[in-house]
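What follows is a set of notes on a single structure, which appears directly below.
As the structure is a prediction and not an experimental result, all values here were calculated from the model. Below, chains carry the letters A, B, ... as their sequence lines are ordered, and counting in each starts from 1.
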Amino acid sequence: GENVEQHPSTLSVQEGDSAVIKCTYSDSASNYFPWYKQELGKGPQLIIDIRSNVGEKKDQRIAVTLNKTAKHFSLHITETQPEDSAVYFCAASMDSNYQLIWGAGTKLIIKP
Amino acid sequence: DSGVTQTPKHLITATGQRVTLRCSPRSGDLSVYWYQQSLDQGLQFLIQYYNGEERAKGNILERFSAQQFPDLHSELNLSSLELGDSALYFCASSTRASVDGEQYFGPGTRLTVT
């Protein structure tokens, strides 16, 4: 079945710098790739998603890129701010699969 | 606030017991998902209901069961509890039956089994 690997497990960056989190998936039929942010004590919240017919999507300081050939997708956060500190999860799904397959999460720490 | 409510917030119980976790989805959402998140772990999908019918099953143990009622609220029943069942249990809702859309997560129920 589908498997999603997420790296790194922890990422510490200086405030104002960029952060990149990468995920790889195993099944080339996957066609939907969301990213969720989980703040301490809260449930995850969708921050951006991308479908397989698009290579890149941006929303202000956040962008996601998808490389279907290499079967990986990445979350890019520019000009990081203290409020970006959280755990970020990637996920993948395909039409024939009725569930999201989740990565293990990345704890992002923004250093002042 | 996602609009998804979960009760109770915290639950402490003993091994062998049975508990029921409750979820009310956002107004208008027909899909309800249940997830388990153990300490410092990712999200494990348990089960999904859409408009009262079971739609997808993940790694849900036989000791666990769920249902979605006509008013669309859902309950997750955990029985014969073991220490390893201690975790955060999240409910999420969405408008769609398919997973390619935003899921709105509740604040979670923290279950501690002693």
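- Note on B/I47: it does not cluster hydrophobically with B/L30, by side-chain heavy-atom contacts below 4.5 Å among ILVMFWY residues.
- No continuous path of ILVMFWY side-chain contacts below 4.5 Å connects B/Y104 to B/L43, so the two sit in separate hydrophobic clusters.
- Residue A/Q6: no heavy atom, backbone or side chain, is found under 4.5 Å from chain B.
- No continuous path of hydrophobic side-chain contacts links B/V4 to B/Y49 [ILVMFWY only; heavy atoms under 4.5 Å].
- Atom CD1 of A/I101 and atom CZ of B/F45 lie 9.0 Å apart (nearest 0.5 Å).
- More than 12 heavy atoms of other residues, nucleotides or ligands lie within 6.0 Å of CG in B/N51, so this atom counts as buried by the packing criterion.
- Of all the heavy atoms in B/F90 and A/K42, the pair that sits closest is CZ-O, 3.8 Å.
- Of the atoms belonging to B/Y35, it is side-chain heavy atoms, and not backbone ones, that fall under 4.5 Å from chain A.
- Heavy-atom minimum distance, B/E102 versus A/Y32: N-OH, 4.3 Å.
- When A/P34, A/P44, A/S9, A/A91 are compared by the number of non-hydrogen pairs under 4.5 Å with chain B, A/P44 comes out ahead.
- The CG atom of A/D49 lies 9.0 Å from the CG atom of B/D100; values are rounded to the nearest 0.5 Å.
- Linking ILVMFWY residues whenever their side-chain heavy atoms come closer than 4.5 Å, directly or via other members, leaves A/I21 and A/I109 in distinct clusters.
- By the 6.0 Å contact criterion, CZ on B/R26 is enclosed, its count of non-hydrogen atoms from other residues, nucleotides or ligands being greater than 12.
- Heavy-atom contacts from other residues, nucleotides or ligands closer than 6.0 Å to CD of B/E62 number 12 or fewer.
- Contact record, A/Q99 with B/V99: CA-CG1, 3.9 Å, taken as the closest heavy-atom pair.
- Annotation: side chain of A/L100 is in contact with side chain of B/Q103 (closest heavy-atom distance under 4.5 Å).
- No chain of hydrophobic side-chain contacts below 4.5 Å, direct or via other Ile, Leu, Val, Met, Phe, Trp or Tyr residues, connects B/Y33 to B/L76.
- Under the 4.5 Å side-chain criterion, counting only non-hydrogen atoms from C-beta, B/Q37 is in contact with A/F89.
- Only the side chain of A/Y36 comes within less than 4.5 Å of a heavy atom in chain B; its backbone stays farther off.
- Heavy-atom pairs under 4.5 Å with chain B peak, among A/G43, A/G41, A/G103, at A/G43.
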